[in-house]
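The structure appears below as structure tokens.
Bear in mind that the values here come from a model prediction, so they are computed numbers and not experimental data.
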Amino acid sequence: MNTVVDLKGRAVLVTGGTKGIGAVIARTFLLAGADVMVCGRNEPEALPEADGRSARFLPADIRDAAQASALVERTAEQLGGLDVLVNNAGGSPDADSATVSPRFVERIVSLNLLAPFYVAQPANKIMQAGNGGSIINIGSVSGIDPQPGTAAYSAAKAGLLMFSKALAMEWAPKVRVNHITTGLVMTEAAAHNYGQDGGASTAELIPMRRMADPQDVANACLYLASDLSAYVTGADLAVHGGGEVPARYLVKQQQS
């Protein structure tokens with residue numbers, strides 16, 4: 001990917017950056033010249049690479065506040081500071097709210113709402129003491145348009161959006177906090193969720209006529225991390241291809 005964004009000398013932490021969307025985000029920042037740290041509970045066989053440079057890795061379960069704080073501190077020590085945090089780690093399998101266990105709900109809310117704050121708080125402390133920085137929270141369209149089987153996840157992502165807006169007000173002007181609402185993203189791990197046609201039918205429900213590529217999300221992160229968005233904070237950037245076409249419109253089209 002060619003980019004005009006130059007982040008040489010910037011230190012970036014991407015949670016959940018070892019696979020999927022997070023790995024693409026990490027590679028995109030490497031291409032822009034940044035030094036990148038990724039984290040996960042287990043070290044992957046291979047780390048994100050680009051232009052002969054590789055991301056670094058630290059193990060951490062960011063659902064634990066102490067581990068999240070230690071992750072941020074060690075990242076700043078190894079990279080010489082912290083300029084950008086991308087709270088990417090998250091997700092949830094579908095679950096029936098009528099029968100799901102309280103423990104499941106706690107874990108989903110912990111990963112998708114509490115963990116981003118556990119990482120953001122120490123990151124803000126470091127950024128405030130330095131030259132400032134950018135915190136980017138990766139949300140989901142589920143937070144504004146819930147679907148069956150996603151109650152806990154949708155509630156957590158809705159909370160993440162408001163968290164982002166509130167922290168942006170509190171931590172300005174040195175630290176910018178923004179949110180990305182992602183729509184359906186085609187990753188290798190998620191492909192089986194989109195049907196036997198490889199997602200073609202699902203793509204027809206999106207105004208842009210395709211699902212997002214992880215690179216679409218990474219490009220949005222690059223913008224929000226760079227000086228191009230120097231006056232942008234508290235924003236919710238929708239990267240969902242226009243959302244989904246309303247069912248009533250589809251029914252009308254089928255009947256015409």
Item to complete: Could you go through the salt bridge (Lys or Arg N to Asp or Glu O under 4.0 Å) check for Arg10 and Asp227 one step at a time?
Response: CA-CA 12 Å; Arg10 305 282 181 94; Asp227 294 339; 3.3 Å; yes

Worksheet item: Would Asp145 and His240 satisfy side chain to side chain contact (heavy atoms under 4.5 Å, CB included), going step by step from the backbone distance to the final call?
Response: CA-CA 12 Å; Asp145 185 19; His240 56 31; over 6 Å; no

Discussion item. Using side-chain hydrogen bond (donor to acceptor under 3.5 Å, both in side chains), reason through Gln215 and Thr28 one step at a time and then give a plain yes or no.
Written reply: CA-CA 8 Å; Gln215 189 65 59; Thr28 300; 3.0 Å; yes

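Both Phe29 and Leu47 are members of a single hydrophobic cluster when ILVMFWY side chains are connected at heavy-atom separations under 4.5 Å. Residue Leu111 is not grouped with residue Val14 when hydrophobic side chains (ILVMFWY) are merged at heavy-atom distances under 4.5 angstrom, including chains of intermediate members. Placement of Val36 and Ile25 within a single hydrophobic cluster is found when ILVMFWY residues are connected by side-chain heavy-atom separations under 4.5 Å, directly or transitively. Cluster annotation: Val217 and Leu237 are assigned to the same hydrophobic cluster (Ile/Leu/Val/Met/Phe/Trp/Tyr, side-chain heavy-atom contacts under 4.5 Å, transitive). Neither Leu30 nor Val24 shares a network with the other; the hydrophobic side chains, linked directly or stepwise wherever heavy atoms of I, L, V, M, F, W or Y lie under 4.5 Å apart, form separate groups for each.
Residues Lys165 and His179 fail the side-chain proximity criterion, which asks for heavy atoms closer than 4.5 Å. The shortest distance between side-chain heavy atoms of Leu228 and Leu222 does not fall below 4.5 Å. Side-chain contact check for Glu43 versus Pro59: every heavy-atom pair is 4.5 Å or farther apart. Between Leu82 and Met127 there is a side-chain heavy-atom pair separated by less than 4.5 Å. Residues Glu170 and Val175 are not in side-chain contact: their nearest non-hydrogen atoms beyond the backbone lie 4.5 Å or more apart. With contacts defined as side-chain heavy-atom distances shorter than 4.5 Å, the pair Val185/Met211 does not qualify. Side-chain atoms of Val12 and Asp83, non-hydrogen and from C-beta on, never get closer than 4.5 Å to each other.
Surrounding NZ of Lys125 are at most 12 heavy atoms belonging to other residues, nucleotides or ligands under 6.0 Å away. The neighbour count for Asn131 CG, taken as heavy atoms of other residues, nucleotides or ligands under 6.0 Å away, does not exceed 12.
With rounding to the nearest 0.5 angstrom, the CD1 atom of Ile138 is 8.0 Å from the NZ atom of Lys157. Taking CG from Leu224 and CD1 from Ile135, the interatomic distance works out to 12.5 Å, rounded to the nearest 0.5 Å. Rounding to the nearest 0.5 Å gives a distance of 13.5 Å between CZ of Phe117 and CD1 of Ile62. Annotation: the span from Ser154 atom OG to Gln147 atom CD amounts to 7.5 Å, rounded to 0.5 Å. Here the CD1 atom belonging to Ile126 is positioned 11.5 Å from the CD atom belonging to Gln121, to the nearest 0.5 angstrom. If you take CD1 on Ile144 and CG on Asp236, they are separated by 6.5 Å, rounding to the nearest 0.5 Å.
Residues Leu58 and Gln78 approach most closely at CD2-NE2, 3.6 Å, considering heavy atoms. When all heavy atoms of Cys39 and Phe57 are compared, the pair lying nearest together is C-CE1, 3.8 Å. When every heavy atom of Ala225 is checked against every heavy atom of Ser134, the shortest pair comes out as CA-OG, 3.8 Å. Taking all atoms of both residues into account, the shortest heavy-atom contact from Leu79 to Ala11 is CB-CB, 3.7 Å. For the residue pair Val119 and Ala68, the shortest heavy atom distance occurs at CG2-CB, 3.9 Å. A pairwise comparison of heavy atoms in Ala152 and Val105 identifies CB-CG1, 4.1 Å as the closest pair.
Using a distance-only test at 3.5 Å, with no hydrogens or angles considered, no donor-acceptor pair links the side chain of Arg56 to the main chain of Thr75. Side-chain atoms of Thr182 come within 3.5 Å of backbone N or O of Gly139 as a donor-acceptor pair. Put simply, the side chain of Asn178 gets close to the backbone of Ala235: a donor and an acceptor are under 3.5 Å apart. In this structure a side-chain-to-backbone donor-acceptor pair under 3.5 Å is present from Asn112 to Ile108. Side-chain atoms of Ser69 never come within 3.5 Å of backbone atoms of Pro122 as a donor-acceptor pair (strictly under, hydrogens ignored). In terms of modelled atom types and a separation under 3.5 Å, the side chain of Ser101 and the main chain of Phe104 share a donor-acceptor contact. The backbone N or O of Trp171 lies less than 3.5 Å from a partner atom in the side chain of Gln128, making a donor-acceptor pair.
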Only distances under 3.5 Å count here; give the side-chain donor-acceptor pairs of residues 84-95 to other protein atoms, sequence neighbours excluded, each with its distance to 0.1 Å.
residue : atom : partner : partner atom : Å
Asn87   : ND2  : Pro116  : O            : 3.1
Asn87   : ND2  : Asn137  : OD1          : 2.9
Asn88   : ND2  : Thr15   : O            : 3.2
Asn88   : ND2  : Gly16   : O            : 3.1

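In summary, Asp64 and Arg41 do not engage in a salt bridge, as defined by a charged side-chain N under 4.0 Å from a carboxylate O.
Applying the salt bridge (Lys or Arg N to Asp or Glu O under 4.0 Å) rule to pairs touching residues 12-37 yields Asp35-Arg53, sequence neighbours excluded.
For the ring-ring contact (aromatic ring centres under 6.0 Å, His included) test, no residue two or more places apart in sequence or in another chain qualifies with Tyr223.
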